[in-house]
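What follows is one structure encoded as structure tokens, with my remarks underneath.
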Number of protein chains: 2
Amino acid sequence: MNGTGEIRQTDTATRILDAAEVLFVEHGFEATSMRMITQRAEVNLAAVNYHFGSKDALFQGVFTRRLTPLTQLAVQSLDKLEQAAKGAPLLVDAIMHAFMDAALDIAYDPKRGGVIFVRLLSRTFVETHPVLRESLPRHYEELVGRYASATARALPHIDQIELQWRLNFAFSAIFNAFAGNNILRLFVSDPVVNARDPRLIATYLVPFVVAGLTAPAVKMGASPDVNRA
Amino acid sequence: MNGTGEIRQTDTATRILDAAEVLFVEHGFEATSMRMITQRAEVNLAAVNYHFGSKDALFQGVFTRRLTPLTQLAVQSLDKLEQAAKGAPLLVDAIMHAFMDAALDIAYDPKRGGVIFVRLLSRTFVETHPVLRESLPRHYEELVGRYASATARALPHIDQIELQWRLNFAFSAIFNAFAGNNILRLFVSDPVVNARDPRLIATYLVPFVVAGLTAPAVKMGASPDVNRA
DNA sequence: GATTCAGTCAAACGATTGTTTGAAACATAC
DNA sequence: GTATGTTTCAAACAATCGTTTGACTGAATC
């Protein structure tokens, strides 16, 4: 194998995963064909079915490979915060930074996905494929559960329903922020902003979601007083 | 045929648009076949190509039908605010309510899309089809341009780059909030929140994005002192 | 050397894709 | 009535889809 001339840089299964990852992120599941994948990976068409069983299984494998390290790292990052706090509630700012640091860690590590990883995250939002819709909650369950309860302790004056909404909005903004500058181009024909650097995005993103999460409560109790400026 | 014996409730082209709208929103472009559309619309398979020319053209037609009223209404809503202000800067809260009111107006009008419309909005974010990617900026150009400059006047202390980021985050949260409770279910296996009522969503959504937009500036921009990133 | 077995390969599988066709059905005008 | 133009319909089109097949390769085991 190794030695004189490198016959193969990476094994077939990994090359398929790498090629499929890029194509799934770029075009989505349905618009990506087996032949596109195997052609980019420079492997035989039958290799996907041999190594993964089916296109569906490959799709799931692509996401599992990236999401497992993320959830582990993000939960671990929160663990350290809570241990240091010794039972005291955390700051929302610290909680959001904990998650963002975990994501950025992977975003700057090519071995764990690199820049393509953050775009994969946004894909978990939009793909309606049953295989993914069924497996994603398993991946996100512990992650979101931990971060939700940490945020709930940080914001005891916000009732649970409103907090659930805010977390939903926050993660929507977070996951979509990294989807690439396509979204900015969607709105502004000539955006000033360069969306390539995840760390730069996080600089603006964290204060935004923290402000949203820590805003005064809408629902205090009985009457939702809707007034307009 | 059905029930009372009315010959045809709506013409063929409209029935195709209605059926395609639901299916495109539910499954996306690639996962929706011509036969699924024509079967649901109860029209012949060839009717799509006859009335619209191609599947691509139908796709574009589905979005154009809904986005045109939205952008008109949203811009019109901002016009009224600015006329009443007589040149004074608007409140961010008022600006966001102006957009949200326009969206809600359509969301509660079955003739202009109803509940399916807000889910169509989120689709404009995720679909990577070239036909849509090319036509969307044309639709959103005036809308976003007007709201961006109104927000810029409301927040003169935020420099333009940071504001562009915040608007991007805000619209990400807004557009995704209406995508259905799928997103909530994605995170929480048993969400307390019922995501069916757009008006209820807006109640929590507007304060969130307003807080994010009006947060203290990360980067000081209004000063003559130029600092580079 | 014979056997075994994971892996690769070209070729083909049936099914489904978007689109086209030409005839039939329809409405309206002469 | 005939003529004209529009819309609908069943059938077929070539192309592509995900998957399967069976022969073949190369190295390890006996």
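All values below come from the heavy atoms of this structure, side chains included, with hydrogens, waters and symmetry mates left out. Just so it is clear, the structure is predicted and the values come from calculations on it, not from any experiment. Within every chain, numbering begins at 1; the chains are lettered A, B, ... in the order of the sequence lines, protein sequences first and strands thereafter.
Closest heavy-atom contact between B/Ile174 and B/Val209: CG1-CG1, 4.1 Å. Across A/Gly212 and B/Ala211, no two heavy atoms sit closer than the pair CA-CB, 4.0 Å. Closest approach of B/Tyr147 to B/Ala74, counting heavy atoms only: OH-O, 2.8 Å. Between B/Thr124 and B/Leu132, the shortest heavy-atom distance links the atoms CA-CD2, 4.5 Å.
Residue A/Thr32 is classed as a sugar-phosphate contact, given heavy-atom separations below 4.0 Å to backbone atoms only. No contact: B/Ala47 has no heavy atom under 4.0 Å from any strand.
One end of the helix from C/dG1-D/dC30 to C/dC30-D/dG1 points its axis 10° away from the other end's axis, with each axis taken from 5 pairs and the angle rounded to 10°.
Each of A/Tyr50 and A/Met36 lies near DNA chain D, and the nucleotide nearest A/Met36 is the one positioned closer to the 5' end.
Scored by the side chain to side chain contact (heavy atoms under 4.5 Å, CB included) test, A/Pro69 finds A/Ile106, A/Arg112 as partners (sequence neighbours excluded). Residues satisfying the ring pair (Phe, Tyr, Trp, His ring centres under 6.0 Å) criterion with A/Phe59, sequence neighbours excluded, are A/Phe24, A/Phe29, A/Phe63, A/His129. Annotation: side-chain hydrogen bond (donor to acceptor under 3.5 Å, both in side chains) contacts of A/Arg66 (sequence neighbours excluded): A/Glu21.
For the segment residues 17-25 of chain A, no residue has any heavy atom less than 4.0 angstrom from an atom of DNA chain D. Scanning residues 52-63 of chain A for heavy-atom distances under 4.0 Å to DNA chain D yields A/Ser54, A/Lys55.
Between D/dT8 and B/His51, a contact under 4.0 Å exists linking OP1 or OP2 to a side-chain N or O. For the OP1/OP2 pair of D/dT16 and a distance below 4.0 Å, the side-chain nitrogens and oxygens of A/Ser33 include no atom meeting the criterion.
Atom CG of residue B/Leu163 and atom CG of residue B/Leu167 lie 4.5 Å apart, to the nearest 0.5 angstrom.
Atom pair B/Arg35:CZ and D/dA11:C1' shows a separation of 11 Å (rounding to whole Å applied). Remark: P of D/dC9 and CD of B/Gln39 are 14 Å apart, rounded to the nearest angstrom. For B/Asn44 and D/dT8, the CG to C1' distance is 6 Å, given to the nearest whole Å.
Between A/Phe99 and A/Leu78, every side-chain heavy-atom pair lies at or beyond the 4.5 Å cut-off.
The side chain to side chain donor-acceptor pair (under 3.5 Å) test with A/Arg146 is passed by exactly one of A/Thr71, A/Asp79, A/Thr151: A/Asp79.
Using modelled atom types, one side-chain atom of A/Glu162 and one backbone atom of A/Val218 make a donor-acceptor pair closer than 3.5 Å.
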